[in-house]
Number of protein chains: 2
Amino acid sequence: MEPHEPDLAAVPVTAVLAALADDVRLQIVRALAEGGERACGTFEFGVSKATRSHHLKVLREAGLTRTRAAGTSRYVRLRRDELDHLYPGLLDAVLTQPNRS
Amino acid sequence: MEPHEPDLAAVPVTAVLAALADDVRLQIVRALAEGGERACGTFEFGVSKATRSHHLKVLREAGLTRTRAAGTSRYVRLRRDELDHLYPGLLDAVLTQPNRS
DNA sequence: ACCGTTGTTCGACAATCGTCGAACATCCCC
DNA sequence: GGGGATGTTCGACGATTGTCGAACAACGGT
């Protein structure tokens, strides 16, 4: 089954922004921005695995991440090149920001 | 009365992104990005004035706009300098995007 | 063939959000 | 000062969202 990874250019800007406008998802993106690829289970942000799965789905369907299945695990990575190309400065602007909880 | 315009640095990143993650508000921001200052009433986006007022409030409280009262009107403008300073590239990235409705 | 690990999907629930009309508040002008 | 114009605030409403536990699915090792 294909995990529904849309063409980034076909995703409305508001959907991309909405995907980033959540604390948990932003933490995931921050983590992905430093480590090239990570298994879903390695994200520990105090939410259940159902919620984590949901957030990863939102990110994927917003065109922000790609997912590769390997055995029982699933590896997620940022689509940084495409993002930087279509929204230059967006990721940098968001990621450079200090953690202001 | 001061209309609660927070220090942009004190606003969580997610709140800024959430404020931009709406079609109507994005249209308002786009309009503000070209014309320096506009009265609230000059925004015609097919929503009631109550809704428009609500969206302008969200933008203001997210630190994206400033409002100046003059007579019975209220003039709104983008806080572009502060935004570009704190989130370099964010506005440009979002505004340059074609309208993909 | 089982069992444990890893993720996804399915309701369900509370909270938030976008929207509206109606009521209210200000101001300007005649 | 009465009336019209411009905005804001107040419920109310339906829709969406974040969260969870439980059930399900797929894979790997022993």
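Just so we're on the same page: letters track the sequence lines, and every chain starts at 1. All values below were derived from every heavy atom in this structure, side-chain atoms included, with hydrogens, water molecules and symmetry-related copies excluded.
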**OP:** Would you give a per-nucleotide map of nucleotides 16-30 of chain D, 5' to 3', where B means the base has a protein non-hydrogen atom under 4.0 Å away, S means only the sugar-phosphate does, and - means neither?
**Re:** --SBBBB----S---
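A straight line from NZ of B/Lys57 to C1' of C/dG18 spans 14 Å, rounded to a whole angstrom. When the C1' atom of C/dG7 is taken as reference, atom CD1 of A/Ile28 falls 13 Å away, rounded to whole Å. C/dC27 atom P lies 15 Å from atom OH of B/Tyr75, rounded to whole Å. Atom CG of A/Leu56 and atom P of C/dT6 are 15 Å apart (whole Å). For the pair B/Arg60 CZ and D/dG7 P, the computed distance is 13 Å after rounding to whole Å. The CD atom of B/Glu61 sits 11 Å away from the P atom of D/dT8 (whole-angstrom rounding). Protein atom CG of B/Asp23 is 19 Å distant from nucleotide atom P of D/dA15, rounded to whole Å. Per the geometry, CD belonging to B/Glu44 stands 11 Å off P belonging to D/dT6, to the nearest Å.
Put simply, CG on A/Leu90 and CG on B/Asp92 are 10.5 Å apart, with the number rounded to the nearest 0.5 Å.
Among B/Leu59, B/Leu91, B/Leu86, B/Leu8, the single residue meeting the side chain to side chain contact (heavy atoms under 4.5 Å, CB included) criterion with B/Arg79 is B/Leu8. Residue B/His55 forms a side chain to side chain contact (heavy atoms under 4.5 Å, CB included) with just one option from B/Gln27, B/Arg60, B/Arg25, and that option is B/Arg25.
One finds no side-chain N or O of A/Ser53 lying less than 4.0 angstrom from the OP1 or OP2 phosphate oxygen of C/dT9. Distances shorter than 4.0 Å separate none of the side-chain N or O atoms of B/Arg74 from OP1 or OP2 on D/dT6.
Among the heavy atoms of the strands, none lies under 4.0 Å from B/Ala69.
Note on A/Val94: it does not cluster hydrophobically with A/Val58, by side-chain heavy-atom contacts below 4.5 Å among ILVMFWY residues. Residues A/Tyr75 and A/Ile28 do not share a hydrophobic cluster, defined by chaining ILVMFWY side chains whose heavy atoms lie under 4.5 Å apart.
Shown here for B/Gly63 and B/Val11, the closest heavy-atom pair between the two residues is N-CG2, 4.5 Å.
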Subject >> Stepwise side-chain contact (heavy atoms from CB on, under 4.5 Å) check, A/Val13 with A/Tyr87 >> reply: CA-CA 9 Å; A/Val13 198; A/Tyr87 300 99; 3.8 Å; yes
